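Values in this document were obtained by computation on a predicted structure and should not be read as measured data. Order of the sequence lines sets the chain letters (A, B, ...), proteins ahead of strands, with each chain counted from 1.
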Amino acid sequence: MTDTPQQLAAAYQPGDVEHRRYEHWVASGYFDADAKSDKPPFSVVIPPPNVTGSLHVGHALDHTIQDALVRRKRMQGFETLWLPGMDHAGIATQNVVERKLAAEGLSRHDLGREKFVERVWQWKAESGGAILGQMRRLGDSVDWSRERFTMDDGLSMAVQTIFKRLYDDGLIYRAERIINWCPRCLTALSDIEVEHTDDEGELVSIRYSDEIVVATTRAETMLGDTAVAVHPDDERYKHLIGTEVELPLTGRRIPIVGDSHVDPAFGTGCVKVTPAHDPNDFEIGQRHNLPSITMMDERAIITVHGPFQGLDRYEARPAVVAALRAQGLIVAEKRPYVHAVGHCSRCKTTVEPRLSLQWFVNTKPLAQAAGDAVRDGRVRIEPASLAPRYFSWVDNMHDWCISRQLWWGHRIPVWYGPNGEVVCVGPDNEPPSGEGWVQDEDVLDTWFSSALWPFSTLGWPDPTDDLAKFYPTSVLVTGYDILFFWVARMMMFGLYGMNGKQPFNVVALHGMVRDQYGKKMSKSFGNVVDPLDWIDRFGADATRFTLAKGANPGADVPVSEEWCQGSRNFCNKLWNATRFALMNGAHVEGDLPAELSTVDKWILSRLQHTIADVNEQFEAFEFAKVCDTLFHFAWDEVCDWYVELSKSALNPRVLGHVLDQLLRLLHPIIPFVTDELWCALTKSEGSVMVASWPVADEALIDDVAEASVELLQRVVTEVRRFRSDQGLKPGQKVAARIEGMTAHEDLVRSLARLEPAGDDFTATATVTIATGAPSEATAASAGTITVALDTRGSIDVAAEKARLTKDRAAAEKEIAQATAKLGNEGFLAKAPADVVGKLRDRLAVAQADVARIDEALTRLTA
RNA sequence: GGGCGCGUAGCUCAGCGGAAGAGCAUCCGCCUUACAAGCGGAGGGUCACAGGUUCGAACCCUGUCGCGCCCA
């Protein structure tokens with residue numbers, strides 16, 4: 001880039017940088033993966049967002065984590081692929097387009113299937129996929145040349161291929177079952193598309209005969225009852241099994257059956273059986289060969305003849321109860337009665353269990369394999385504590401209803417012939433033609449195609465270079481809340497489609513983004529964060545840092561605007577530190593000098609620890625700790641101490657090196673500001689994103705330098721504390737005599753604003769710092785540093801007394817604790833020697849402190 | 001009803017067997033020439049409760065209470 005500013009502005013302005021940087025990255029091809037590369041692969045497929053969706057804060061978290069992983073691996077020299085794309089979101093997308101049609105006074109049926117699907121594609125071209133542009137604003141380093149969509153030709157072929165295979169293997173079948181039905185979307189739903197909430201309803205007890213009373217929350221379904229069931233061992237009703245009872249309002253006679261699934265303790269112990277409208281009742285019906293009476297149509301309107309015909313289910317309920325009450329058959333009513341009710345996850349309409357002919361995947365063998373892959377360690381779930389959640393799902397999976405009564409989606413590749421023939425057509429087969437052959441009307445669940453995503457996007461079923469290089473993918477990053485949606489289904493189809501090879505090696509789970517009080521974000525509560533708003537106001541880096549800083553493995557991520565401001569401040573801090581460095585000639589040319597000051601050795605040593613820690617934390621998906629470690633190193637150690645200590649004797653090469661490494665370490669989390677600064681610092685026209693990732697250099701670890709600077713820090717801090725307690729102005733120089741320091745006296749003077757003692761020096765107060773364990777101290781230093789200060793008679797005696805008294809109390813407490821422990825024979829006998837030794841040292845230091853403080857207090861009162 | 005997890009400073013969270021930590025918020029003092037989106041200093045916690053194990057428990061075990069989430 002030629003427009004790298006030589007002179008940095010006084011504050012970081014993300015808006016000036018982000019767009020330019022992103023365009024530069026894309027134009028330079030940094031994001032593009034090369035399947036023919038010799039580098040080891042690192043691949044991630046994006047959990048495809050919905051084509052109708054826009055970037056919400058949950059995506060922002062998910063993408064920040066993926067981008068951080070990918071950017072680090074790229075810098076580490078891996079051939080990285082992060083593959084973007086979207087799913088076609090059958091129900092959601094069809095709803096969107098149908099709403100648009102409705103505005104024109106049309107329904108999809110007015111257009112017909114073909115024209116409607118054309119309209120959907122047209123909608124997608126015009127308004128779909130807004131999220132892809134928003135991903136750029138966040139900084140996602142995805143390979144745009146490989147962007148995929150579940151309805152693409154290639155992915156559609158993958159769908160047809162796997163359908164045919166599963167069908168031929170007997171793992172896909174068609175059957176009449178009770179399924180979850182949405183009376184508004186007019187389609188079947190799978191179990192995971194149903195959300196259960198505790199709703200207020202009613203529990204009505206209805207008398208069916210002198211001896212039989214049933215309780216129900218859905219009185220209207222009694223019109224479809226075909227039996228009453230009791231527990232076969234229930235003494236109250238045993239004798240009635242095999243007899244019949246007249247079903248009120250209908251005059252039909254229905255049998256009383258014994259079924260051990262009935263809970264005799266619940267209610268009266270009798271249950272009405274409506275096989276066509278309840279999954280449990282359906283099973284009872286199967287066991288007892290009961291007929292099924294469908295008493296509602298697909299819109300949940302009553303279809304049985306009689307006074308209730310034509311009523312909606314919610315109109316029918318009170319009408320049925322009223323009719324029963326008129327006959328004196330209502331025994332009890334409980335309102336409100338709170339019970340779990342299923343809702344369509346797309347439109348929130350109450351789901352209606354419905355008996356219908358649908359296509360299913362037999363998940364038994366697939367789910368077994370999906371569980372085994374984790375059990376035998378081929379796939380690791382991070383954090384491991386969430387594995388039970390995965391197992392509870394895959395080990396108890398019901399067959400998966402995959403047919404949807406929609407037009408938008410992959411049409412089921414099955415053809416029915418005039419004589420009852422059923423033919424499943426693979427991608428290489430010609431569909432049967434001729435009189436009377438018709439294709440199944442239904443489409444497949446969107447998840448059926450999403451489950452193929454980790455390999456369909458790489459070209460499967462063709463044996464492509466991408467598949468060879470990048471499958472299995474390295475890691476799947478997603479929220480634990482959709483462990484079931486993503487992980488379980490991708491695992492099932494990945495293992496099946498790729499001959500037992502898992503779709504990903506690691507599943508890294510994060511939590512859900514919450515507000516600063518740990519509350520779930522919801523539109524009605526008004527605490528929803530729009531990541532684009534934050535990007536506008538604080539920058540993409542600040543937004544990303546805020547999210548990553550809260551991301552402890554598997555745990556929810558609280559965020560707030562204040563914290564995002566703090567992240568913005570951090571970016572600005574980095575900006576200004578680099579600005580200072582450049583103003584003072586910091587550079588990265590040549591090797592580090594052989595001769596280094598203690599302060600330089602110290603920061604280089606601290607840098608090595610930081611690099612090592614960050615690498616460990618990255619490997620463990622500990623993003624919160626990565627952020628914490630780097631934040632602390634950058635702000636506290638580099639800015640507050642190193643830069644300040646360097647001001648008197650700056651080593652531009654060391655400062656340049658420290659910032660260079662720091663910016664590299666931070667780049668995966670906050671890519672924009674680090675790139676801008678790194679390019680300015682290194683005078684590069686490339687990017688830090690293709691610079692090498694830091695590796696800790698053991699040779700630069702220097703315990704002596706670290707101890708020396710730590711001591712210096714303690715002395716400075718103690719003097720500053722004294723000054724603050726005394727109410728001395730920050731700018732006021734104080735004459736001081738420092739005793740016991742072997743080095744850094746000048747640095748203490750400069751940071752603590754002290755000046756050398758003159759001829760008229762009179763100590764009015766002393767600050768004393770124990771240099772550490774007396775057992776380790778050399779005789780010469782006597783383990784104490786003393787700073788005698790001359791405050792020119794203006795000493796605040798009360799404040800100084802208070803300070804000393806407080807220190808004394810702390811030391812006394814220390815003595816009490818240590819003495820108690822050291823007086824315990826069990827402790828001396830069983831505790832490790834180093835623990836005992838440390839405690840003895842602490843005791844000695846504390847005792848010396850008390851003696852010293854007492855002396856000072858005496859002097860003060862004298 | 002079954003399962004998982006959590007209760008540590010005002011808020012959000014680290015720490016998970018050997019001296020109670022961070023960020024934000026609060027208080028005091030500062031425009032010290034990279035940064036007021038800043039600098040220096042300070043206050044604040046019987047680590048939910050009750051037992052137990054241990055020389056030693058925020059940390060391990062048991063129970064109680066409170067709060068989440070998933071499944072039925």
**Q** Salt bridge or not for A/R606 and A/E637, using N-O below 4.0 Å?
**A** yes
**Q** So which protein N/O to nucleotides 9-12 of chain B N/O distances come out below 3.5 Å?
**A**
{"from": "B/C11", "atom 1": "O2'", "to": "A/Q516", "atom 2": "O", "distance (Å)": "3.1"}
{"from": "B/U12", "atom 1": "OP1", "to": "A/Y517", "atom 2": "O", "distance (Å)": "3.3"}
{"from": "B/U12", "atom 1": "O4'", "to": "A/Q516", "atom 2": "O", "distance (Å)": "3.4"}

**Q** Determine yes or no for a side-chain-to-main-chain donor-acceptor pair under 3.5 angstrom, with A/N576 supplying the side chain and A/N572 the backbone.
**A** yes
**Q** Looking at A/R375 and A/D395, is there a salt bridge between them, counting it only when a charged N and a carboxylate O are closer than 4.0 Å?
**A**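 The answer is yes: the pair qualifies as a salt bridge.
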**Q** Look at A/K520 together with A/D481 and state whether they make a salt bridge at an N to O cut-off of under 4.0 Å.
**A**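 Between A/D481 and A/K520 there is no salt bridge, as every charged N stays at least 4.0 Å from the carboxylate O atoms.
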**Q** How does protein contact run along nucleotides 31-41 of chain B, one letter per nucleotide 5' to 3', with B for base contact, S for sugar-phosphate only, - for none, heavy atoms under 4.0 Å?
**A** -B-BB-BSSSS
**Q** For nucleotides B/G45 and B/G56, find the distance between their P atoms and express it as a whole number of Å.
**A**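 Each nucleotide's P atom is 27 Å from the other's.
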**Q** Of the residues in residues 810-834 of chain A, which ones touch RNA chain B at a heavy-atom distance under 4.0 Å?
**A**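 The stretch gives A/E814, A/N824, A/G826, A/F827, A/K830, A/A831, A/P832 as the residues lying under 4.0 Å from the strand, ordered by number.
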**Q** CE of A/M512 versus C1' of B/G68: gap in Å, rounded?
**A** 11 Å
**Q** May I ask you to decide if A/A752's main-chain N or O and A/R723's side chain share a donor-acceptor pair within less than 3.5 Å?
**A**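 Judged by distance alone, yes, a pair lies under 3.5 Å.
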**Q** Applying salt bridge (charged side-chain N to carboxylate O under 4.0 Å, His left out), which residue pairs with at least one partner in residues 562-585 of chain A are found, sequence neighbours left out?
**A** none
**Q** Kindly determine whether A/T791 and A/Q726 satisfy side chain to side chain donor-acceptor pair (under 3.5 Å), including the steps that lead there.
**A** CA-CA 9 Å; A/T791 51; A/Q726 283 292 313; 5.5 Å; no
**Q** Write down the distance separating the P atoms in B/C27 and B/G63, rounded off to the nearest Å.
**A**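 Approximately 46 Å lies between the P atom of B/C27 and that of B/G63.
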**Q** Are any of the side-chain nitrogens in A/R714 or A/E710 under 4.0 Å away from the carboxylate oxygens of its partner?
**A** no
**Q** In whole Å, I'd like the distance from the NZ atom of A/K729 to the P atom of B/C28.
**A**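 The distance from NZ of A/K729 to P of B/C28 comes to 13 Å, rounded to the nearest Å.
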**Q** What is the distance, rounded to the nearest whole Å, between atom CE of A/M397 and atom P of B/C71?
**A**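 Interatomic distance, CE of A/M397 to P of B/C71: 13 Å.
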**Q** Angle between ring planes, A/W534 versus A/F538, binned at 30° and 60°: parallel, tilted or perpendicular?
**A**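 Correct class here is perpendicular.
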**Q** Considering only the P atoms, how many Å lie between B/A48 and B/U8, rounded to the nearest integer?
**A**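 Result for the P pair: 6 Å, nearest Å.
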**Q** Under 30°, 30 to 60°, or over 60°: which ring-plane class applies to A/F618 and A/F623, parallel, tilted or perpendicular?
**A** perpendicular
**Q** Nearest whole Å is fine: how far is B/G23 C1' from A/E561 CD?
**A** 17 Å
**Q** Output a table of donor-acceptor pairs, distance under 3.5 Å, between side-chain atoms of residues 821-835 of chain A and any protein atom two or more places apart or on a different chain; print 'none' if there are none.
**A**
{"from": "A/N824", "atom 1": "OD1", "to": "A/G826", "atom 2": "N", "distance (Å)": "2.8"}
{"from": "A/N824", "atom 1": "OD1", "to": "A/F827", "atom 2": "N", "distance (Å)": "3.3"}

**Q** B/C69 P sits how many Å from A/R389 CZ, rounded?
**A** 10 Å
**Q** Assess A/R489 against A/W400: is NZ or CZ under 6.0 Å from the centre of the six-membered ring, and within 45 degrees of the ring's axis?
**A** yes
**Q** Please check: side-chain N/O of A/N651 versus main-chain N/O of A/V654, any donor-acceptor pairing under 3.5 Å?
**A**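 Answer holds: yes.
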**Q** Checking A/D636 against A/W641: is there a side-chain donor and acceptor pair closer than 3.5 Å?
**A**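 Note: A/W641 and A/D636 side chains miss the donor-acceptor criterion.
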**Q** Please state whether the phosphate of B/A14, meaning OP1 or OP2, lies under 4.0 angstrom from any side-chain nitrogen or oxygen of A/K549.
**A**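 So the side chain of A/K549 is outside the cut-off, no N or O lying under 4.0 Å from OP1 or OP2 of B/A14.
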**Q** Please map the stems of RNA chain B, keeping only stretches of three or more Watson-Crick or G-U wobble pairs with both distances under 3.5 angstrom.
**A**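 So the stems come out as B:1-7 with B:65-71, B:10-13 with B:21-24, B:26-30 with B:38-42, B:48-52 with B:60-64.
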**Q** Using whole Å, what does the distance between atom P of nucleotide B/G1 and atom CG of A/N280 come to?
**A** 18 Å
**Q** Rounded to whole angstrom units, what separation is found between the CG atom of A/N552 and the P atom of B/C16?
**A** 13 Å
**Q** When we call it a touch if two heavy atoms are under 4.0 Å apart, what does A/K625 touch: a base, just sugar-phosphate, or nothing?
**A** sugar-phosphate
**Q** Between atom CG in A/D849 and atom P in B/A19, what is the gap in whole Å?
**A**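 Nearest whole value for this atom pair: 18 Å.
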